[in-house]
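Worksheet: the structure to be examined is printed underneath.
Naming convention: chains lettered A, B, ... in sequence-line order (proteins, then strands); numbering from 1 in each chain. Being a predicted model, the structure only gives us computed values, none of them experimental.
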Protein chains: 2
Amino acid sequence: MTAATHGPVRMTRQRAAVADALQGVEEFRSAQQLHEVLRSRGDTVGLATVYRTLQALVDGGDVDVLRTDDGESVYRWCARREHHHHLVCRRCGRTVEIDGPTVEAWAHRVGEEHGFADIDHTVELWGTCASCLAALRNATPEA
Amino acid sequence: MTAATHGPVRMTRQRAAVADALQGVEEFRSAQQLHEVLRSRGDTVGLATVYRTLQALVDGGDVDVLRTDDGESVYRWCARREHHHHLVCRRCGRTVEIDGPTVEAWAHRVGEEHGFADIDHTVELWGTCASCLAALRNATPEA
DNA sequence: CCCGATTTTGACAATCATTCTCAACAGCGC
DNA sequence: GCGCTGTTGAGAATGATTGTCAAAATCGGG
């Protein structure tokens, strides 16, 4: 009930640009950041269009989205479409896709133990990656 | 670098009211919802003050906060101050506090394996609680 | 190659939760 | 009660995201 209200989907320069830009980065990026990337690349795409396209990609399952601590949505074109989690650098966005078979089982078991059904889970790891750690050490010798 | 810039903390009618309202509900509630609860109770507290107080309570470790799908922050005065996760009914908001020792260890190990430091994790479970399940069965015999 | 029906775009306004501003106000130790 | 400060609140400001709608672009058909 989300699509089907529209006719055929058209391929446009803007959509191709957004998809391409997203596939060109390894990190999770906000809509605004991607808009800037496109801009600096020479691809002129309206900010609203970037948002619309990203939403469509998420709905289509091509892109993963999650929220940062301050509530901003960040997007990433993940290698695998299957269910997985992320280890994200909270400073630069660098991301590692990870599995969590143990977690899946645990989540399901805990849910059933409490009489809950249709268990779904949110599991994301945040940290500071090695290079950002080094950068921080240089920039801030001490407090 | 967040506190320590201020002197002694003062107990005010507003702070007591917010804390009390929060302890009066079992579910996660948004700042705006709490503001409304206070209002209907007769406690006049400015919205900004509700936000400030909630933030302080979160910082103090008395209250847990998490984000709903649409990015709104919701708060809950949890029974235990120690680190824990939540199993939340996506229909009625009923919440069960849960431990996840295995998950903690797993999160930390995965982080280190990839050279990340200061690992933090977001682990929340969503499901449909028993009573909501029954209610749904009555309302919707089948699809 | 051009047309036309229909989908998309983009500049800008509108939302909305949350934070900021700052003068008036209220704890609390004396 | 006094005064020093931390606190409040009304409203402005912020900032990401979404809505509006006329102009522009897609693409199948002629």
### Query
Relative to the 5' end of DNA chain C, which residue comes earlier, B:V9 or A:V50, by the nucleotide with the nearest heavy atom?
A:V50
#### Entry: Hydrophobic cluster (4.5 angstrom, side-chain heavy atoms) - remaining members for A:M11
none
### Task
Between D:dT20, D:dG6, D:dA16, spot the one nearest the side chain of A:R52, thanks.
D:dT20
### Task
Report the distance from atom CZ of A:R90 to atom CH2 of A:W126, rounding to the nearest 0.5 Å.
8.5 Å
#### Entry: Whole-Å gap separating P (D:dT18) and CD (A:E72)
12 Å
## Note on the structure
Comparing A:Q14 with B:R67, nearest DNA chain C nucleotide closer to 5' gives the residue A:Q14
### Query
For A:Y51 and D:dT18, is the shortest distance between a side-chain N/O and OP1 or OP2 below 4.0 Å?
no
### Message
Once you apply a heavy-atom cut-off of 4.0 Å, does B:T44 come out as touching a base, just sugar-phosphate, or nothing?
### Response
sugar-phosphate
### Task
Report the distance from atom CD of B:Q55 to atom P of D:dT7, rounded to the nearest whole Å.
15 Å
### Query
Are A:Y75 and A:E27 linked by a side-chain donor-acceptor pair shorter than 3.5 Å?
no
### Task
Provide, to the nearest angstrom, the distance between the NE2 atom belonging to A:H35 and the C1' atom belonging to D:dT18.
15 Å
### Task
Give a yes or no on whether B:R13 atom CZ has more than 12 heavy-atom contacts from other residues, nucleotides or ligands under 6.0 Å away.
yes
### Query
Are a donor atom and an acceptor atom from the side chains of A:H85 and B:H121 found within less than 3.5 Å of each other?
no
### Query
Once you round it to whole Å, what is the distance between P of D:dC27 and CE of A:M11?
8 Å
### Query
How long is the line joining CG of A:L38 and C1' of C:dG10, in whole Å?
14 Å
### Query
Of the nucleotides C:dT18, D:dT8, D:dG6, which has the atom closest to the B:T12 side chain?
D:dT8
### B:A48, nearest nucleotide to its side chain (from D:dT17, D:dT7, D:dG11)
D:dG11
### Message
Can you measure A:D70 atom CG to C:dT18 atom C1' for me and round it to whole angstrom units?
### Response
12 Å
### Task
May I have the distance from A:L47 (atom CG) to C:dA14 (atom P), rounded to whole angstrom?
18 Å
### Task
Ignoring the backbone of A:R10, work out which of C:dT19, C:dA26, D:dT26 is nearest its side chain.
D:dT26
### Atom pair distance, as rounded to whole Å: CZ in A:R29 and C1' in D:dA16
18 Å
### Query
Would you say D:dT7 has OP1 or OP2 under 4.0 Å from some side-chain N or O of B:R13?
no
### Side-chain N,O (A:R15) to OP1/OP2 (D:dT26) below 4.0 Å
no
### Query
When we call it a touch if two heavy atoms are under 4.0 Å apart, what does B:S30 touch: a base, just sugar-phosphate, or nothing?
nothing
### Proximity to the side chain of A:Q32 - top-ranked nucleotide from D:dA16, D:dG6, C:dA17
D:dA16
